[in-house]
Amino acid sequence: MTVFRLKQFASTSVHAAADAIRWNYDRAELIADGIVHAIGVLSGIIAATVLVVLAAVYASAINIVGVSIYVAGLLSMLVLSATYNLWPVSRAKWVLRRFDHSAIYLLIAATYTPFILELKDSLFALALLAGVWCVAILGIVLKLCYPGRFDRVAVGIYLAMGWSGMMLYDAVVKALPAMALWFVVAGGALYTCGVIFHAWQRLRFQNAIWHGFVLAGAACHYTAVLDLVLT
């Protein structure tokens, strides 16, 4: 069984992390993860194209802006995740890790955007959107400038950002279509459950399973945005 390992570079390297990075996956695990990512990128490109075209036909100008931001965040996450996870073990892979983790912040903020723009008359909703983007930008800066540090804290921040929208529960229930609302909640639940497998590093195919949950969660949120556009 071939095992690929990516470990921390020497502490004197500008690419070094505070904690060691392990990339202990056998060939079958890498193939499975590659299949998941290939499905994700291909489906994402097709789905994003469909969404942008439909938004241009059916949505208002402000909703087109929200959808465009969402699509940019979604595709960035899918492409950067695939690039990082499928890249051969090397110094470049460690650099790509920064962008992969940064893209998670981008996706969360971008996903919020089209929904909160539906609540544009609510100052609190707009303030929450601004706050989410500020946290995302700060998180991206930390990931790019201090790679490998605060990784466990970052997972908590991802979850907190993702569920912070519950503060708008009453307004969201009134503004969003019922189906879109349920898909938003389902997507959040899938992302949250997936974190269990992200942390369960001793489980074989753990990385592929985690990314499968990510795709399922992203598909739910995509469906919610699509319903928003068509309703």
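- Using modelled atom types, one side-chain atom of Asn85 and one backbone atom of Ser81 make a donor-acceptor pair closer than 3.5 Å.
- A distance of 9.0 Å separates CG in Asp33 from CD in Gln206, rounded to the nearest 0.5 Å.
- Across every non-hydrogen atom of Ala48 and Tyr222, the tightest pair is N-CE1, 4.3 Å.
- Checking side-chain atoms of Tyr146 against main-chain N and O of Val141 turns up no donor-acceptor pair under 3.5 Å.
- Closest of all the heavy-atom pairs between Leu228 and Pro177 is CD1-CD, 3.8 Å.
- Glu29 contributes a side-chain N or O that, together with a main-chain N or O of Asp26, makes up a donor-acceptor pair within less than 3.5 Å.
- Of all heavy-atom pairs between Leu203 and Phe197, the closest is CD2-CD2, 3.7 Å.
- Residue Leu86 is not grouped with residue Val79 when hydrophobic side chains (ILVMFWY) are merged at heavy-atom distances under 4.5 angstrom, including chains of intermediate members.
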* Asked: Does the pair Asn207 and Tyr25 meet the rule for a side chain to side chain contact (heavy atoms under 4.5 Å, CB included), with working shown?
  -> CA-CA 9 Å; Asn207 211 34; Tyr25 301 111; 3.7 Å; yes
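- Residues Val184 and Phe115 have side chains in contact (heavy-atom distance under 4.5 Å, counting atoms from C-beta outward).
- Residue Ser164 comes nearest to Val132 through the heavy atom pair OG-CG2, 4.0 Å, listed as atom of the first residue, atom of the second, then distance.
- Under the 4.5 Å side-chain heavy-atom criterion for ILVMFWY residues, no single connected hydrophobic cluster contains both Phe183 and Val50.
- Side-chain contact between Leu78 and Leu215 is present, with heavy atoms from C-beta onward closer than 4.5 Å.
- For Tyr70 and Tyr112, the distance between ring centers is not under 6.0 angstrom.
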* Take His198 and Phe213 through the side chain to side chain contact (heavy atoms under 4.5 Å, CB included) test and state the conclusion after the steps. => CA-CA 10 Å; His198 174 66; Phe213 271 90; over 6 Å; no
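- When side chains are defined from C-beta on, Asn63 does not count as touching Pro114, because their heavy atoms never get closer than 4.5 Å.
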* Run the side chain to side chain contact (heavy atoms under 4.5 Å, CB included) check on Trp163 and Thr192 step by step: do they pass? -> CA-CA 10 Å; Trp163 288 105; Thr192 303; 2.9 Å; yes
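- Residues Met77 and Leu75 share a hydrophobic cluster, clusters being chains of Ile/Leu/Val/Met/Phe/Trp/Tyr side chains in contact below 4.5 Å.
- Looking at Leu168 and Ile116, their side chains come closer than 4.5 Å, going by heavy atoms from C-beta outward.
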* Asked: After noting the C-alpha distance and the side-chain angles of Arg98 and Tyr84, does the key distance pass the side chain to side chain contact (heavy atoms under 4.5 Å, CB included) rule?
  -> CA-CA 9 Å; Arg98 304 182 185 194; Tyr84 162 61; over 6 Å; no
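- The two residues Tyr191 and Leu107 have their closest heavy-atom pair at OH-CD2, 3.7 Å.
- Put simply, the side chain of Met167 reaches to within 4.5 Å of the side chain of Phe124, judged on heavy atoms.
- Atom CG of Leu96 is separated from atom OG1 of Thr83 by 6.5 Å, given to the nearest 0.5 angstrom.
- The number of heavy-atom neighbours closer than 6.0 Å to CH2 of Trp200, taken from other residues, nucleotides and ligands shown, is 12 or below.
- A 4.5 Å side-chain heavy-atom check between Asp151 and Lys143 finds at least one atom pair inside the cut-off.
- Applying the 4.5 Å side-chain rule to ILVMFWY residues, one finds that Leu123 remains a lone member of its cluster.
- Val229 and Leu181 fall within the same hydrophobic cluster, defined by Ile, Leu, Val, Met, Phe, Trp and Tyr side-chain heavy atoms under 4.5 Å apart, directly or through other members.
- For the atom pair Ile69 CD1 and Leu117 CG, the distance stands at 7.0 Å (nearest 0.5 Å).
- Ile45 is connected to Val214 through a chain of hydrophobic side-chain contacts under 4.5 Å among Ile, Leu, Val, Met, Phe, Trp and Tyr, so both are in one cluster.
- Residues Trp133 and Thr113 form a side-chain contact, since some pair of their non-hydrogen atoms from C-beta on lies under 4.5 Å apart.
- The line from CG of Leu51 to OG1 of Thr49 is 9.5 Å long, rounded to the nearest 0.5 Å.
- Of all heavy-atom pairs between Asp227 and Ala180, the closest is OD2-N, 3.2 Å.
- You'll find the side chain of Tyr158 reaches within 4.5 Å of the side chain of His101, heavy atoms only.
- To the nearest 0.5 Å, the span separating CZ on Phe99 from CD1 on Ile104 amounts to 14.0 Å.
- From Leu106, atom CG reaches atom CD1 of Ile137 across 9.5 Å, with rounding to the nearest 0.5 Å.
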